Amino acid sequence: MQSRRWFGGAGFSFADDPVTETLSQAIRGTGEELDREPDTGVLFGSLRGSVVGLRYYTGVVNKGEMVSLVRQPQNPYDRNAVMVANVYGSQVGHIKRELAVLLANIMDNNLARVEGVVPFGVTNQFTMSVVLSFWGREENRDAVVRQITSRSFKLQSGPTGFMCADGSRDLPRKSVLLTAEELKNAFDNLFENLMDDKIGEREAVEAVCTPLLPHQKQALSWMCACENNAALPHFWEVKGELFYNTLTHSSVRERPRRVRGGILADDMGLGKTLTTIALILSNFHHGKPLCEPEKSSPEPKASTTARKNPEGKSGDGDQAEVSVAPAGHSPCMRANQAETQVVCVESVDVVQEDVVEDGDKDWVSEKKAKGRPQGGKAKATTTKKAAKTKGKAVSTSRKGGAVLEDLDFAAALSGLTQGAPQKKSVGKSLVSPVEAASSQSTDDPAARATLIICPLSVLSNWLDQLDQHVRADVKLNVYLYYGSERNRDTHFLSSQHMVLTTYNVLSADYSGSASPLHTVRWLRVVLDEGHIIRNPNTQQSKAVLKLNTQRRWILTGTPIQNNLRDLWMLVAFLRLKPFDVREWWNRVIQRPVTQGDKTGLQNLQALVKCVTLRRTKTSRVCGRPLVSLPERSVRIEEVELTQKEREEYELARTEGRTTISRYVAEGTVLRNYADVLAILVRLRQFCCHPGLLGKTTTHTGVVAVTPAELRERLIMKLRLVLGTGSDEECAVCLDSVRLPVITHCAHVYCRPCIAEVIRSEQEQARCPLCRGQIKASELVEFPLEEEEEEESNLLENWRSSSKVEALMSSLLRLRSEDDSIRSLVVSQFTRFLTILEIPLREEGFKFVRLDGTMSQKRRAQVIQEFQSDAPGSPLIMLLSLKAGGVGINLSAASRVFLMDPAWNPAAEDQCVDRCHRLGQKRDVVITKFIVKGSVEENMVKIQRQKQDLVEKAFGTKNPSERKTSRVDEIRALMEL
DNA sequence: ACCGCCGGGTGCC
DNA sequence: ACCGCCGGGTGCC
């Protein structure tokens, strides 16, 4: 079941097209990506050298510990200098001069990566040995060996002197290798069976009005434990005075603390949002509730404050009071304050319990150690300052600072801003950037708000769920940080219970100066649909890593799309030391695992297990399924083309075959990728409706004569690639293409991405996909022309098609049998959806439409309309496959019509999951329309074959093999 | 002695 | 560094 994740290639970007998808995958494995492809290197050998200058630096290393080698070309004493640092980045010393010359040469010319292990640790205060191993691409082996021997160093073949992961000394590493199949299975199951029966259940606080299901209580219990538990994390042991990491063999003086958070990777529909809401309300400081309903309050007031829709307009079904917190104006100033509504329970007594938040515990023990048990100067100061800056005097004090904070926070929450300030306010700089930067590691009582970051498409879902699950008489301050009018006041943001925002807003803020979100000290940051940040090169990912927070959570249904590399960003966000530094991740986890090392895999499994909770729809709690979803069945409906359609199709097919077979013969299939893609797309469009083709009739594959012709042709190809409604992946950023441009060699990229390539490579700039020469002046943009005219043209000269008829007869039959059943009609081609509107209208179906071009506001309206059970609400939703992918809930539908096969079966599944999820009452029936004797049939065949393939799993095949199988697929598609 | 040897000063890059 | 290297002092045994 899970194996289908493997073939999802681009995952959430839904690059449905085989050519696009795997081609860029193939490219990823080829280019000069040594640094980014740590798993592709081979070991050239190793040699013994020495580290000098130890006495000048503080970095310590143990026997067997790994060290990193960092070039220092700016070193004033030697431009060849190579610095040696330990796992935590502290400098240990330098590589001895003569050896540094060699390393500098190898490193600067990118001939090999050099990794160091210290075999004996520090034996004197001046120098020590280091074993250097050289990793690189096979074609560089000779050069490296020559460099080494010409400087009369001796390269030992193999990893002699390499330390074993178990710490045994200086023996050749005996790694147990796994077969590709074992590896694939292990990887597939990496996120399975993580359910530890030992985790208990925990009820949510009263403020949560929806009863949690057993598995949700388990998740809550687990999440609270993750946030509160102070036990040593995995791979750490106490060794005398120090703490010792068994993987890197490093030790540190300060007690390493467990990641305060983790990955909640439950399947879609198991209630990750609800569980997270429960967590936020149930586990504030010291494991106490955030706030509770006032029990004595006779009439609960429905007031969910500081809340607005993305568009600033109140949603229709929104029962709670919706108020916009105006910029620069604190909601605390509202007149109808009812301070008693919020009771923030946070007792200081907890400080003395066993399980407390680390910061406080550390503080207590620190004070004791200093023999000042009741002191706590530093703490008291911060607290006072916090109180002071809020202009709030607090007189009651039970025990030290904590109670002050509590009252202070309660006051802040309930809006007692006009209390009598005894000292003058220091302005709104409650959180100064300096404080923020310096308070990373310690527990921070000022951190109070939870920041939720999600894709725009699920923002409204969070608001709905908060309404639904939080008791109306709980006054929860939720601020939607979105839109140009958003309140950027950090004091205001810090004082919220929750702040909701999107990845885009976050990265937009980040790119500016003084990002408010990066200034606030958060209690908790939650990344919803966290796999969005799997590519570490994106602005979003960089922005996310820079957030200042105590606790970190990732919510995702698909923790790994198809590669181990996807995991790194998640690990980095969680600050899973030391793997948040790429080198250690690569050396300890990624390369060993990719090369089939059993120990590496075990380490990876342990690592994942200690931060992840994942249950699937088929998981069981105490022998019972988590949730009982209705059945779901798939039937394939074969569609026969009419005589006329068949003739048209065959004409196009023959033409396409001729072109492609020529490319195959020439071995230029991949170079002519855009043409091949165009042919395939055209055939797929023919299968749906001839009107999909638009004016893309130009003959492909003929060399253009004039620049104008070439330009026209490129624009046409660009339109083909983009206009299908399927998503395109940029081979540079590996994300959906934004601001698309097409190169003269007919490859599509984001303009900024390819511009950067050209800028950095200058005259030698080459197309990342085909290595053809590219110039900035030759990039062609999509002209913003009048598509409307074409659209109306489409509708005026209306004709039906076999597939349209097949759908219509199904829908009509369905309506006559049961007119309460709602359907999703899904296509990758948005134009097809437009075409389908005509017969639907003709037959008097009420329908709505959801596609990627619609604004968020419109989407929310449409979904609400469709989900509503009011009489006269629509029976059908026309849905573009891409738009149907993420987060949305369409459980009102129980029939799905997949109009055209997608390349990525996972995309289809995701789409079906929109309705086959919690809340679905009926059995779900999925109908796939496949035109008999067409590319569609071949696509389905190849999909099935893919599912059976094993070796694709880890990307263990080398790039040329992958390219070959890609060509084979195209041949199979065209029956060549 | 335009050497060798001795012993003190010194020390990353 | 319980080294190596440098450079000054010194000089048969």
Side-chain angles (χ1 to χ4, degrees), chain A residues 34-35 38 41 43-136 140 143-156 159-163 169-170 240-242 244-245 248-254 578 581-584 586-588:
Chain A
L34 194 57
D35 290 336
L43 178 65
F44 298 154
S46 55
L47 59 82
R48 176 76 65 85
S50 42
V51 185
V52 294
L54 302 190
R55 74 185 127 150
Y56 300 101
Y57 309 101
T58 52
V60 289
V61 275
N62 289 313
K63 178 172 93 175
E65 186 170 334
M66 303 189 301
V67 290
S68 67
L69 303 165
V70 184
R71 276 284 285 123
Q72 288 184 326
Q74 303 300 332
N75 188 302
Y77 304 97
D78 184 355
R79 62 185 171 80
N80 292 318
V82 178
M83 184 257 262
V84 179
N86 68 11
V87 171
Y88 291 89
S90 312
Q91 180 162 4
V92 174
H94 278 104
I95 291 291
K96 211 170 157 48
R97 204 180 204 105
E98 311 83 75
L99 183 53
V101 187
L102 169 67
L103 296 194
N105 233 303
I106 290 175
M107 292 166 88
D108 295 350
N109 293 315
N110 218 356
L111 294 173
R113 271 178 302 113
V114 189
E115 298 182 354
V117 172
V118 174
F120 315 117
V122 184
T123 48
N124 70 58
Q125 77 184 107
F126 304 101
T127 69
M128 69 175 155
S129 288
V130 59
V131 174
L132 303 170
S133 42
F134 297 82
W135 300 78
N140 289 329
V144 171
V145 171
R146 222 179 306 120
Q147 288 270 352
I148 292 174
T149 47
S150 75
R151 286 171 210 272
S152 51
F153 287 99
K154 259 206 300 221
L155 187 68
Q156 319 262 326
T160 314
F162 214 82
M163 288 304 293
R169 184 141 45 100
D170 209 19
E241 298 273 284
L242 301 172
Y244 177 76
N245 185 298
T248 58
H249 305 290
S250 61
S251 43
V252 287
R253 190 156 288 123
E254 323 81 66
V581 172
R582 197 68 202 236
E583 177 172 358
W584 310 120
N586 289 341
R587 286 176 64 175
V588 182

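The sequence lines fix the lettering, A, B, ..., with proteins before strands; numbering per chain opens at 1. If you're wondering where the values come from, they're calculated on a predicted model, not measured in any experiment.
The distance between atom CZ of Arg71(A) and atom C1' of dC13(B), rounded to the nearest whole Å, is 11 Å. For Asn124(A) and dG11(B), the CG to P distance is 17 Å, given to the nearest whole Å. The distance between atom CZ of Arg97(A) and atom P of dG11(B), rounded to the nearest whole Å, is 14 Å. In this entry the distance linking CD of Glu98(A) with C1' of dC5(C) reads 12 Å, nearest Å. Between Phe126(A) atom CZ and dG4(C) atom P the separation is 14 Å, expressed in whole Å. Here dC3(C) presents its C1' atom at 13 Å from CD of Gln125(A), a figure rounded to the nearest Å. Atom CE of Met83(A) is separated from atom C1' of dC12(B) by 13 Å (rounded to the nearest Å). Atom CE of Met128(A) and atom P of dC12(B) are 16 Å apart (whole Å).
In terms of phosphate contacts, Tyr77(A) brings no side-chain nitrogen or oxygen within less than 4.0 Å of OP1 or OP2 of dC12(B).
Salt bridge annotation for Arg587(A)-Glu115(A): present, with a cationic side-chain nitrogen under 4.0 angstrom from a carboxylate oxygen.
Nearest nucleotide to the side chain of Val52(A), out of dG11(B), dA1(C), dC13(B): dC13(B). Nearest to the side-chain atoms of Asn75(A) among the listed nucleotides dC12(B), dC13(B), dA1(C) stands dC13(B).
Nucleotide dG11(B) forms a Watson-Crick or G-U wobble pair with dC3(C), both donor-acceptor distances falling under 3.5 Å.
Contact check of residues 85-96 of chain A against DNA chain B (heavy atom, cut-off under 4.0 Å) returns His94(A), Ile95(A), Lys96(A).
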- request: Would you please test Thr127(A) and Val51(A) for side-chain contact (heavy atoms from CB on, under 4.5 Å) and show each step?
  value: CA-CA 5 Å; Thr127(A) 69; Val51(A) 185; over 6 Å; no
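Side-chain atoms of Leu47(A) and Leu99(A), non-hydrogen and from C-beta on, do get closer than 4.5 Å to each other. Using a 4.5 Å cut-off on side-chain heavy atoms (C-beta onward), Asp108(A) and Arg71(A) make contact. Looking at heavy atoms from C-beta onward, Val130(A) lies out of side-chain contact with Val84(A) at the 4.5 angstrom threshold.
Rounded to the nearest Å, the gap between the C1' atom of dC13(C) and that of dG8(C) is 24 Å. The gap from the C1' atom of dA1(C) to that of dC5(C) amounts to 12 Å, rounded to the nearest Å.
Across all strands, Arg55(A) comes closer than 4.0 Å to base atoms (heavy-atom distances).
Residues passing the ring pair (Phe, Tyr, Trp, His ring centres under 6.0 Å) test with Phe126(A), sequence neighbours excluded: none.
Between the side chain of Trp135(A) and the main chain of Phe44(A), no donor-acceptor pair closer than 3.5 Å is present.
At a cut-off of 3.5 angstrom, the base of dC13(B) holds no donor-acceptor pair with the side chain of Tyr56(A).
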